[in-house]
*Asks:* 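Before I ask anything, let me first share the structure, which is written out below as structure tokens.
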Amino acid sequence: MTEHFPVFIVLIPFFGALLCGLLGMRWPRVCPGIALAGMGLAVVVAAAILQRVAEVGEWSYFVGKWEQPRGIGIELRVDGINALVLSAVAVVGWLVAVFSPGRLGRDEESKPTQFYILFLLLMTGLFGITVTGDAFNLYVMIEISALTGYALLAMGPHSRARLATFNYLIMGTIGASFYLLGVGYLYLHTGMLNMAGIHTVLAANPASSVALVAFTLIMVGLWLKMALFPLGGWLPNVYTYGPPLAAAAAAPLVTKVTVYVMVRMMVTVFGWKWVFGGGGWNEAVVWLAVVAILAGALMALAAKDLKRMLCCLILSEVGYMVGGAWLANRWGMTGAIYHILGDAFMTLTLFLAAGVLAGRAAIFKLERFEGMFRRQPWVMAAFAVGALGMIGLPPTCGFFSKWFLIRGGLEAGHYGYVGALIVSSLINAVLFFRIFEIAVFGSKPGKHGYDGPQVVVEPDGVKAKGGDLLALYGAAAMVVVVGLGSGWISGVIQRALEVNGVPLAAPAVLAPAVDETPTNDH
Amino acid sequence: MPETVDSLSPLFAWLVSLALVPVLLVLRKRPNLRDGASLVAGVVKLALVISLVPLVTAGKVVVVTLAEVLPGLPIQFRVDGLGLLFALVASGLWIVTTLYAMGYMRGLDEHSQTRFYSFFAVSLSATLGVAFAGNLLTLYLFYELLSLSTWPLVTHHGDAEGRSGGRTYLAYLLGSSIGLALPALIFCYMRSGGNMDFTTTGFLAGKVSVVEGTVVLLMFTYGFAKAGLMPLHSWLPAAMVAPTPVSALLHAVAVVKVGVFCVIRVFTGVFGIEFLRGIPGAQIVAALAGITIVVSSLIALSQDNLKRRLAFSTIGQLSYIIMGVALLSDNGTVGSIMHIATHAFGKITLFFCAGAIYVATGKKYVSQMGGLGRRMPWTMGAFLVASLSIIGLPPGGGAWSKWYLLLGTLDAGAWWLAAALVASTLLNIGYLLPVAVSAFFGKAAEGDDGVGGEAPLACVIPLCLTALMTLVWFVFPGLLKTLASLMT
Amino acid sequence: MPTPFQILLHNFNYVCYVVLLMIGLHAMITKRNLIKKLIGMSVFSTAIILFYVSIGVNNGGDMLAGHDGRPVGNIPVLEHGIGHDAITHPETIDPRRYANPLPHVLMLTAIVVGVATLGVALAITQRVFQDYGTLEEDEILAQLNNPQENDD
């Protein structure tokens, strides 16, 4: 039984969606339960996979036992990297499932069945992306998650949701199609679709313009889908105007999983030597990432409402990850992968909190935070944890991501990237403390002894219910747990990277200028 | 290497004030019980810290590991002489400050007292975390937590001044710690091969070049901006918008002491005194400290607002501590560590007096304080005694620390730093003594009707206690000297 | 050394697909009408399908040849058929005589994906029309900037 787990994890939400479809038409009340049970099961399976991979190593599974010598199987391949991402996606999905019942009555115009079907299919797609070891299968999974995402996000009450989603659809299709084209070129060059197979052939025939075109197309396609600035113009509108619940489900996951795909392409398919061996154009990509980080941070500063601010921060975070991955050293890549996990939870916490605070509204102007610490102390406490993570203060996971990424940047000698990370941390501090100030003291300073507006009753009747708080605190707790567990997590990542041939230092690293031979006094 | 002992006492001492917070929240409607709970927690905390004294003075080091975060880099407590001295000062003064705060806050009928005491307690936990920190990561963690937990205290009043003061506070502290200390921290991690425990000889010794060492040293010294080295000192006067118990906490118990503590740790535990002799970094820091000492004393002279005057005085005194350790001499190090304690008691007394004066008479400016001594003899008497300690004249306890500092400058051959010390002592006399003198012997200011007496008892008792302690430190400096000498 | 024109002629199918790709991309990005964007999207995906189909052609094409003249990757057709006929009639299935079926199979999937995307896109477009009464992006934006927008 357990040997089929890699395919189970994809099938569980799929059958959940099927069940929701069959039963939900008649009995809509069943759907939240199915989703909760399904996602719970998925978490357990993901944990089991993670445990096995952490102990034993890579797990290779051929669907239907069509194995490699015949050359036509679809392989699911789980190593340390995607086991961790898988677990993170599963936990986020489960937390959203916990959060959803309380919200659905108000937000999704009461279409719970459709929401759950789409949500479970979205999770199917995301799990599929994470476990697959076949390049074309990856495209199919990307499209599954993309299409369900479009449908989910278009369901919002706000009229701009449709237009924003249409735009997203266009950009997303371009991105996925570029990826497909790239895979086509790879197939042209190697005759294989299996990722490991492609790698073997590429390693034997590295110098090829076809492979170069393939790589470029794949990268550009992925950058479009993960919203790397300046290709990310679609993101802020979509998650701001989309239904809060769908945004909370998609925002933490979709872009991060796409970053994982980029890492997988770089590390496994093309291979470290191929990507970083020839020429210094990785520096250019890191500079692009620097621009993304700073642009996201500045746009967030200019944003007048909460959700738009959070979306711009996502743009910044994508810059962190792309920069880290392209630094060409193991620590940068570790930081990028670790940040996938951490950012998923931080974004989830902030979006869930935004979902509770904003209610139905898409626009939640910052002034409306007035006195929020008094009105909704529990929600604000969780929000504060997410905020501290974004700023990068220990012991949250945000601190450790910055730790790994800065270390990678220092080792690679890329001080621009390090500077951008620090500046963005400081800008995040300004952003969130601005909110805290308003939340504690109100937007207009009063006289001495002013404690914030004395508001007793919520003006729009938004109260946080039990399920909401459970999900919110689950997410906030994960932010800290991932932080405290960073040693173990980075160990798993590093072992997986080593297997994939990632060297410890960049090809041209600055050697430490020491006077004597360094000694280790442990 | 000193022998290590495993014990949970440091963990409990750290936890006490955190565990107090839910108790305070539950008791928020019963102010007497609530404040009583604070006091009880303070006593328990002090008792736990004192229990560590025999172990540490015997030369052992107490270790508690909280969580293994990165391989080889746990969140860990490691109590040695320096840490214990700071912990004693902080826990002891917490009790006194709580008592004082009770009098002050009730005397002015301040709002949100529960929030105040809660964040006070959290700040104390963070302070103890820094005191007990066994490696750079733990130190940084609790340093940041302290910045965050003191922000609600600084902005307590909630008015425009409070908010802008709070912003300046955070801007300086977070900006410097994220911008300077964090990269330096990571650089150390890279070079040290993953082990950042504070050792007696410095874990970075021999692993960095001269240039790198100097740059990193400076990054740390300015990154820990709570140490108030100019020009990153402006947050301190800006933070004076806080209620006086908070100012007392900032100046004496927690914040600035954490800053210089971190600097001392960097000098002794990260680089090691021996290694520092080989790089110019320490001399640069000593020079900057010397400049800060003189300039801040001059600025203090010009301030009429008593709290601001005291703030600039603190900036100067902090630089004594920095200078002491930057001299790289045993006497200097001992003097600087002892000064943490003697300055704490002296300065807290001065702040208590400033607050008491405000509660009793509403006055904030020195020029208004003429003749006050006749109405508030205990307060101004304590002020006088504490001034002596700060100035460094017997019978103030500060005399000992200044003595060792002076010896340290002579050991290091830094004549001009000795001159700076002497000059600043004269300036200290200039800006502190006249306050007390005019209070006792001067005329009452215009518009002063001479009515009213001392501040509430809950305010006066603490300040008398702390003033008394400065005298005690003069007569019995032994404990301080022993703990300080363990670091050399 | 073949002239550029000869190269162009030889790879005529690839040139076609590139042209279609560009037309589709151009339409998606520059056209103001939502339906025209969708048409562009269809043209774009058709170009990609054409490309893949071109790969499968088996006239020696562009596939890398291994040392024995056979393509490096496997054409995924089970050799020699199935069953005892294969032994008596070894010429039953010779992969070298057939176009590579794999790209065709992949493109079936891609076509389906394209259809689904089009379906979702048209549904969204319908809702947009219901909300704004027009499918021209300029007019929609004008309506949005109208002071009567219901931003809550």
Side-chain angles (χ1 to χ4, degrees), chain A residues 69-73 136-137 139-140 142-144 146-151 153-155 157-163 165-174 176-178 180-181 183-185 187-193 197-198 201 204-205 208 210 241 305 359-365 460, chain C residues 17 21 24-25 28-29 34 37-38 40-41 44-45 47-49 51-52 54-56 61-64 66 71-78 100 102-103 105-107 109-110 112-114 116-121 123-132 137 140-141 143-144 149-152:
Chain A
R70 288 178 170 176
I72 44 181
F136 188 79
N137 188 242
Y139 168 73
V140 173
I142 289 179
E143 285 292 358
I144 292 178
L147 285 172
T148 48
Y150 303 149
L153 289 165
M155 271 163 64
H158 198 279
S159 59
R160 275 180 93 159
R162 257 75 68 184
L163 197 60
T165 313
F166 186 87
N167 198 30
Y168 177 27
L169 189 150
I170 298 285
M171 300 301 276
T173 306
I174 298 180
S177 303
F178 274 171
L180 184 61
L181 203 50
V183 170
Y185 274 99
Y187 183 67
L188 190 58
H189 180 61
T190 61
M192 310 277 273
L193 285 173
I198 295 177
V201 178
N205 310 283
S208 154
V210 179
Y241 297 114
D305 87 282
R360 282 187 66 112
I363 305 289
F364 186 79
K365 295 237 180 273
D460 50 356
Chain C
Y17 112 78
L21 203 69
L25 208 53
M28 276 200 273
I29 296 177
L34 297 188
K37 284 185 193 266
L38 291 182
M41 191 174 80
F44 184 73
S45 22
I48 298 180
I49 295 170
F51 169 65
Y52 264 81
S54 300
I55 296 176
D62 281 348
M63 288 179 91
L64 278 184
V72 170
N74 294 326
I75 292 180
V77 173
L78 295 175
N100 189 346
L102 184 59
V105 165
L106 299 181
M107 282 308 101
T109 311
V112 170
V113 168
T117 311
L118 200 58
V120 173
I124 295 177
T125 313
Q126 210 183 23
R127 275 308 295 270
V128 170
F129 187 73
Q130 267 180 12
D131 288 334
Y132 297 104
E137 220 178 21
I140 298 176
L141 285 175
Q143 280 191 34
L144 286 175
E149 64 173 326
N150 50 339
D151 255 349
D152 190 41

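Chain letters run A, B, ... following the sequence lines, proteins first and then strands; every chain starts at 1.
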*Asks:* Any chance the rings of A:Y187 and C:Y52 have centres within less than 6.0 Å?
*Replies:* no
*Asks:* Which residues pass the ring-ring contact (aromatic ring centres under 6.0 Å, His included) test with A:Y139, not counting sequence neighbours?
*Replies:* A:F136
*Asks:* I need the residue from C:T125, C:I140, C:T109, C:I124 with the largest number of non-hydrogen atom pairs under 4.5 Å to chain A.
*Replies:* C:I124
*Asks:* Please classify the contact of C:T117 with chain A as side chain, backbone, both or neither, using a heavy-atom distance under 4.5 Å.
*Replies:* both
*Asks:* Looking at C:V113 and A:L147, what are the two nearest heavy atoms and their distance?
*Replies:* O-CD1, 4.4 Å
*Asks:* So C:Y132 and A:R162, do their side chains get closer than 4.5 Å, heavy atoms only?
*Replies:* no
*Asks:* Look up atom CZ in A:R160 and atom CD in C:Q143, then write down how far apart they are to the nearest 0.5 Å.
*Replies:* 12.0 Å
*Asks:* Just verifying a value: how many Å separate C:S45 OG and A:L181 CG, rounded to the nearest 0.5 Å?
*Replies:* 11.5 Å
*Asks:* Please name the pair of heavy atoms, one in A:I174 and one in C:F44, separated by the smallest distance, quoted to 0.1 Å.
*Replies:* CA-CE2, 4.0 Å
*Asks:* What's the separation between atom NZ in C:K37 and atom CG in A:N167, rounded to the nearest 0.5 Å?
*Replies:* 6.5 Å
*Asks:* Among C:L38, C:L34, C:V120, single out the residue with the greatest number of heavy-atom pairs under 4.5 Å to chain A.
*Replies:* C:L34
*Asks:* C:L106 versus chain A, heavy atoms under 4.5 Å apart: side chain, backbone, both or neither?
*Replies:* both
*Asks:* Is chain C contacted by the side chain of A:V183, its backbone, both, or neither, given a heavy-atom distance below 4.5 Å?
*Replies:* both
*Asks:* Is A:L193 in contact with chain C via its backbone, its side chain, both, or neither, using a 4.5 Å heavy-atom distance?
*Replies:* side chain
*Asks:* Relative to chain A, which segment of C:L21 carries a heavy atom at a distance below 4.5 Å: side chain, backbone, both, or neither?
*Replies:* side chain
*Asks:* Which residues pass the ring-ring contact (aromatic ring centres under 6.0 Å, His included) test with A:Y168, not counting sequence neighbours?
*Replies:* A:Y150, A:W234
*Asks:* Can you tell which part of C:M41 gets under 4.5 Å to a heavy atom of chain A, answering side chain, backbone, both or neither?
*Replies:* side chain
